[in-house]
Colleague: 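Dropping a structure here in C-alpha cells format, bear with me for questions.
Quick note on labels: first sequence line is chain A, next is B, and so on, each numbered from 1.
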Amino acid sequence: MERIDANLYLNLIRGGAAALAAHRQAVNDLNVFPIPDGDTGDNMYMTIQAGCGAEGSTLPEMAKSVSAGMLMGARGNSGVILSRIFAGIAKGLEGVKEADVNAFSQAMLAGVEESYHAVSEPVEGTILTVFREGAQAAAESKNLKEYFDHLVSAMNLSLQHTPELLDVLKKAGVVDSGGAGLLYIAEGVRDAMNGKVPVADSDSITTIPAAKQVDLNAFTEDSVLEFGYCTEFLLRLQRSKVDLDTFDEKVLSEWLAQNGESLVFFRDGSIIKVHVHTRTPGEILNHCQQYGEFLTIKVENMTLQHHENHMDERFKRGRKAFGVVSVASGAGLVDTFKELGADVVIEGGQTMNPPVERFIQAFDEVNADTVFVFPNNSNILLTARQAAQLYDKADIRVIPCKTLGEGYYALANLDTEAGDADALEAALAEAAGEVVTGLVSRAIRDSGDVKEGDFIGISGKDILASGGTPESATLALADTLGAGSKDVILVFAGADAVDATKLQADLEAKFPRAEVILQSGGQPVYEYILVLF
Amino acid sequence: MLRLFTDTDTDITPAVAAEYGYRLISMPYSVDAKTVYPYVDFDEFESRKFYDLLRSGVLPTTSAISKERYIEYFEPEFAAGNDILYVHFSRAMTATFNAMDEAVAELKAKYPGRNFYEIDTKGITTISYTIVREVGDLLKAGKSLEEVLEWAKTEVDKFAMYFFADDLKFFRRSGRVSGLAATMGTLIGIRPIIYMSQEGKMVSCGKEKGRVKAMEHLVQQVADLGEDFKSHRFVIGHTDAPELAEEVGKMIRERFGDDFPIEYVVANPTAGSHAGPNGVGVCFHAKHR
C-alpha cells in the first residue's frame with residue numbers, strides 16, 4: 001500500500017503550488033467588489049511557494065520545514081490560514097515515518113483544528129469551511145488515492161455552497177476566493193499523488209524582495225576606507241577596440257590581479273565577467289573600457305557591507321522604548337506615515353499583501369522595546385499578528401487598524417509620553433475606532449445596480465455609492481458616510497486621480513463645517529481614499 | 001532722556017514703532033544661506049511672498065545677533081547721554097540676549113551713570129506686539145518709567161496668547177514647543193493648541209480636530225481666562241492666514257459683542273520661520289496666561 005514519505009510529501013506540496021500558480025488570476029478575480037483589487041490567488045501562491053524550498057530527511061522534518069517556510073512567507077488572510085493548515089498537518093505528522101491514509105487523514109484533521117485557531121472569530125463560508133468539510137468527508141477513505149479524490153470532490157461541493165453561508169459572496173455572485181485557491185491546491189496534490197509531474201511555474205511573477213538594508217551612517221565624514229570597493233561588471237568586448245579572435249584575456253586578468261584583490265575573472269565569448277576588490281574602482285573601469293563597453297556595473301563600498309554583516313552587534317545600541325511599523329502603498333501615503341512618525345513603512349496594501357517575513361524584518365529595523373504595528377488593511381491584520389507571535393525580540397502590539405484612515409488617525413494620536421505600552425495600545429485602538437474610511441474605485445464588471453465602468457464608493461463590506469466619475473462617487477460616498485457632521489475630510493488622491501482640486505472645492509461647498517484636506521496619496525486602484533473624523 | 005527700543009520679533013513695524021518713538025532692533029532669518037534683516041534689508045514685509053516660500057517647502061533658519069551689533073544699536077544713545085528701555089521678545093526662547101548682556105555690561109563700564117532697563121514680554125510675535133504697544137500707550141499717556149516698570153512686573157503675565165498652526169514640521173524642527181509628543185509629525189487635520197507660558201515658552205495644551213474646532217478652542221480660552229479684555233488691546237495674529245484670522249474675529253464678535261476694537265497683525269518672518277504658514281492666534285488680557 002502506498003505511503004507518503006518526506007520526498008513524496010514535498011512533491012505533493014509542489015504539485016499543489018504548481019496547480020495554484022496556473023489559476024492564480026482566476027482566484028484573484030473572485031473578488032466581492034467588482035474592482036481590480038483582488039489578490040487572494042497571489043497571496044496563497046506566494047505563501048505555498050515559500051514552503052516549496054523545504055528540506056528534511058524524514059517526513060516529520062520535511063513537514064515541519066514546509067510549515068516553517070509558509071509561516072514566514074504568509075501573506076493575506078487566506079495565506080495566513082493556509083500556513084496554519086500546513087502547520088497543523090506538520091503537528092499531526094510528528095513521529096510518523098511514513099503516512100498511510102489513516103495517519104495522513106489524522107494529520108489533515110489536525111490542520112483543520114489549527115486553522116480554526118488562526119482567526120479569533122472563524123467565519124463559515126470561507127477557506128476554513130472548505131478545508132474542514134473536505135478533510136472530514138475524505139476521512140473514511142480506504143487508501144490515499146481514494147482519499148485525495150474524495151477530498152477534491154468534497155471541497156468542490158463545499159466551495160459551491162459558500163455563497164449560501166456568506167451573504168457578501170451571494171450579493172457579489174462569487175464563491176469564496178480562499179476556498180477556491182485551496183481547491184486548486186488540492187487538485188494539484190491529487191494529480192501529484194497520481195504521478196503527474198507538476199509543471200514548473202512559468203509565471204513571471206516574482207516575490208518582491210525586501211530592499212537591501214545598508215546603513216549609510218556606517219560610513220561618515222570621518223570614516224576610513226578600510227576595505228575598498230567590491231566592483232563587479234560585465235564587459236562586452238568591442239570589435240572596434242580589439243580583435244576578438246586574437247584577444248588574450250590572460251593579459252587583462254593578470255593586470256586586474258595586480259591592481260586588485262579577490263579577483264574572479266571569466267570569459268564567455270565576447271563577454272567578460274569581473275569581480276574584484278579595489279580602492280580605486282575608477283582606474284579598473286577605465287582600464288577595462290579600452291577593450292569594450294560595460295553591460296552592467298555594480299560598485300559597493302565594502303565598509304558599509306562589513307558593518308551590515310555586524311548589524312547584530314550594533315543592535316543593542318540606540319534601542320528605543322517605542323517604535324512604529326506601518327503598512328501603506330503609494331508614494332504620498334508612505335511619506336505621510338513617515339512624517340507621522342512611523343519608523344518603517346512596509347509597502348503594501350489591498351493588492352499587495354506583505355508577508356510575515358517582511359514584518360519580522362521591519363521589527364528588527366525598528367529596534368525598539370515595544371513596537372506598535374498599524375496594518376491598515378483587514379487582509380494584512382492577520383499577517384501582522386502572525387509575525388508578532390513569531391517574534392520574541394520585542395513586545396509587538398498590533399493595533400487592529402483595518403483601513404489607512406484608521407491607521408492614519410491612530411498614529412496621529414500616538415503620544416509616547418502619555419503612558420505605558422498597555423495604556424498607549426488602548427488609546428490607539430480607541431482612536432482607530434473614531435474614524436471612517438471610504439474607498440472609490442472603478443467597477444470592472446456588472447454587480448447588482450453597478451455597471452461596469454461606473455465608479456463605486458465602498459466602506460467596510462458595503463458598496464455605499466456610485467457615480468459616473470470618481471469625483472461624483474466620492475461626493476456621494478462622503479454624504480453617505482456623514483461628512484456633514486465631521487470636523488475633517490481628508491482626501492488621498494490616487495495615482496490616477498485627475499480632478500482632485502475640483503473635488504476638494506465641491507466637498508468644501510457641500511460640507512462647510514468640515515475642513516477639507518487634499519493630499520496626494522499616489523495609491524494604486526483607488527482614485528480616492530476618504531478619511532473622515 | 002529715555003530712548004525706547006524693541007525688536008522685529010515683536011511684530012512691530014517701523015510705522016507703529018514711529019508712533020511711540022521705538023527704535024527697532026532687527027532679528028535676522030536665513031533663506032538659502034542668505035541672511036535677511038527685517039526692515040534693514042527691506043522696507044516692507046511682503047508676507048504673502050515669504051509664507052508662500054515656506055508653503056513651497058523652504059525651511060528658513062534664524063540666528064542670534066552678535067554683541068557688536070547690539071553695541072552699534074545702543075552705544076550712540078549712551079554716548080548722547082540717553083538711558084534705554086528695551087521691550088523685547090522672550091529671553092527664554094533665545095540665546096541672543098546673552099550677547100546683549102555682554103554688550104550692555106561693556107557699554108555701562110564705558111559710560112558710567114547711564115541706565116539700561118528692560119521689559120521681557122515673555123513671548124514673541126502677537127503677544128509681544130500687544131505688550132510693546134501697551135507699554136508705549138502708558139508712556140504716551142504720561143506714566144513715568146518707574147510706573148511702567150512696576151506695571152510690567154504684574155501685567156506682562158496677564159496677557160495670554162493661544163494659537164494653532166497648520167503644520168507642525170516648523171515647530172518640530174526648531175524644537176521650541178514643549179509638550180508636543182515626540183512622534184507627532186505633520187498632523188494633517190489635527191492641530192495642537194499652543195500657548196505662551198508664564199516662563200515665556202511655547203507649550204502645547206491640547207489638540208483639536210479640524211479648523212473649526214481649533215478656532216472654537218481659541219474663543220473658549222478667551223471666555224475662560226479673559227479678564228477686563230475689552231479695555232485692553234485685543235489682537236489676532238496670523239501667519240498669512242487673513243481669512244482664518246477674520247473668521248476667528250467674527251466668532252469673537254459673536255460671542256463677546258462689538259464694543260471693543262480687534263486688531264489684526266501678520267507675524268514677522270523671523271517668528272514665522274518657527275511657526276509656519278496658516279497659523280492664527282488670539283492675544284487678550286487674562287486672569288493669567
Colleague: Grab the two heavy atoms, one from A/N413 and one from B/K207, that are nearest each other, plus how far apart they are.
Modeller: OD1-CE, 3.0 Å

Colleague: Is the NZ atom of B/K230 crowded by more than 12 outside heavy atoms at less than 6.0 Å?
Modeller: yes

Colleague: Heavy-atom pairs under 4.5 Å with chain B: which of A/V488, A/I489, A/D343 has the most?
Modeller: A/V488

Colleague: Identify the heavy atoms of B/K213 and A/D487 that sit nearest to each other, and give their distance.
Modeller: NZ-OD2, 2.6 Å

Colleague: Is B/E254 atom CD crowded by more than 12 heavy atoms from other residues, nucleotides or ligands, each under 6.0 Å away?
Modeller: yes

Colleague: Is it true that atom NZ of A/K510 has more than 12 heavy atoms of other residues, nucleotides or ligands lying nearer than 6.0 Å?
Modeller: yes

Colleague: How about NZ on B/K287, more than 12 heavy atoms from neighbouring residues, nucleotides or ligands closer than 6.0 Å, or not?
Modeller: yes

Colleague: Between B/R211 and A/E508, does at least one N-O distance fall below 4.0 Å, as a salt bridge requires?
Modeller: no

Colleague: How long is the gap from CD1 on B/I190 to CG on A/L340, to the nearest 0.5 Å?
Modeller: 8.0 Å

Colleague: Quick one: pull up NZ in A/K486 and NZ in B/K209 and give me the separation to the nearest 0.5 Å.
Modeller: 7.0 Å

